[in-house]
Amino acid sequence: MSIAQDDFDYLRTLVRQRSAIVLETGKEYLVESRLAPLAREVGVEGISGLVMLLRTDPRGQISNKVVDAMTTNETSFFRDLNPFDALRLKVIPDLIAARGKDRMLNLWCGAASSGQEPYTIAMTLREHFPQLNEWRIRFLATDISKEMLRRSRAGIYSQLEVNRGLPAKYLVKYFEQKGAEWQVRKDLRDMIEFSELNLAQPLPPMPKLDIVFLRNVLIYFDLATKRDILARVRGALHPEGYLFLGGSETTLNVDDQFRREACEKTFVYRPIRK
Amino acid sequence: MRALVVDDSKTMRMILKQILESLNYEVIEAEQGLEALEKLQGVELPELALVDWNMPVMKGIDLVRALRNDEHYAGMRIMMVTTETEMEQVRTALVEGADEYVMKPFTREMILEKLEILGLNPS
């Protein structure tokens, strides 16, 4: 099955208007693989049927679902491992030393998807830094998709999802079995505040952030939007804060007010001191 | 690198063997725990053992216990790969000395991620 050019253009305009995410030519396969299940779910004939439905009701429920399906990232617990090693071995110990007086840390996951990344960070904090239990930790996790936020808040994962990247000792310690599924324990869920946020829009007021995770999401935006997002993140970061990007992402040649620092087996990005 | 694969299903052994061989592991196969212990005699110690739970003669969990009660195998990392999916079983396996646990069905990617956790993914 191939997707008609008209339908692809309609969908990429819709997704761009609603999320600023750019679906370039060549991403037709992505549209097909993400939207074919949705077409089946609503009972229309393929992508063309879905677009027909959207044209008659462009702001309806279906359009939300299309944007959701197109903006959701594949994710897993401890995805890529290295950023979490850097967090455990360097970033958190340094922040504990630097913020010992205030005993306060602010974290933000800007593309939380189905929640595995913020829960991975929460488990890392609990497992290795029990002293932080006495600190004031504000941990915000955001995503553009209401459906992903609902899933993240519930913290319920399938067997296939907990099989991916999650050390068994963490499964036993931080999850409860619910029939065939696994739910993150309530005390861990309560550490994180999940809310809706479109990265292409101005950020809501936030305390100065010590740690920002914004991984594997900039790749979806065009250069101008990337610049805007990074400038806003820089404004929200503490001058000594840390930004984590995805393995294929960088601030180099996008925002020259960040410096890149090697940190364990990965890189972190930090605002250049004025 | 060497790995021991213990499963009574020939197909399962073949799948795991293919994954491990693609990572340049040399694989020793056994159909159940006792055979595994026998095959370990006189060979260079594998770094890794992938062990099913339900097998005739000697079950996987008894093999884990036997390996962990023998100082000689202390350096071997053990990963259960099983259809047993109860929390209590995962806990038991860890208490008995397994280092990781994969619930069947699994993908190649899942095995690689678990090996990465154990520091045993050479790729």
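Lettering of chains follows the sequences in order, A, B, ..., and the numbering in each one begins at 1.
For the pair A/Arg270 and A/Tyr242, the cation-pi criterion (under 6.0 Å, within 45° of the ring axis) is fulfilled.
Contact of B/Glu86 with chain A is made through backbone and side chain together, with heavy-atom distances under 4.5 Å. Proximity to chain B (any heavy atom under 4.5 Å) is shown, for A/Leu171, by both the backbone and the side chain. Only the side chain of B/Leu94 comes within contact range of chain A, with at least one heavy atom under 4.5 Å from a heavy atom of that chain. Both the backbone and the side chain of A/Leu160 have a heavy atom closer than 4.5 Å to some heavy atom of chain B.
At a threshold of 4.5 Å between non-hydrogen side-chain atoms, the residues B/Val27 and B/Arg13 do not count as touching.
The side-chain hydrogen bond (donor to acceptor under 3.5 Å, both in side chains) test with A/Tyr174 is passed by exactly one of A/Arg189, A/Glu127, A/Arg126: A/Glu127.
Chain A forms more heavy-atom pairs under 4.5 Å with one residue of B/Arg91, B/Glu88, B/Met80 than with any other, namely B/Arg91. Note on A/Asn163, A/Leu81, A/Val162: by heavy-atom pairs under 4.5 Å with chain B, the leading option is A/Asn163.
Within 6.0 Å of NZ on B/Lys104 lie more than 12 heavy atoms contributed by other residues, nucleotides or ligands. Enclosure of atom CD in A/Glu24 is not indicated, since only 12 or fewer non-hydrogen atoms of other residues, nucleotides or ligands lie within 6.0 angstrom.
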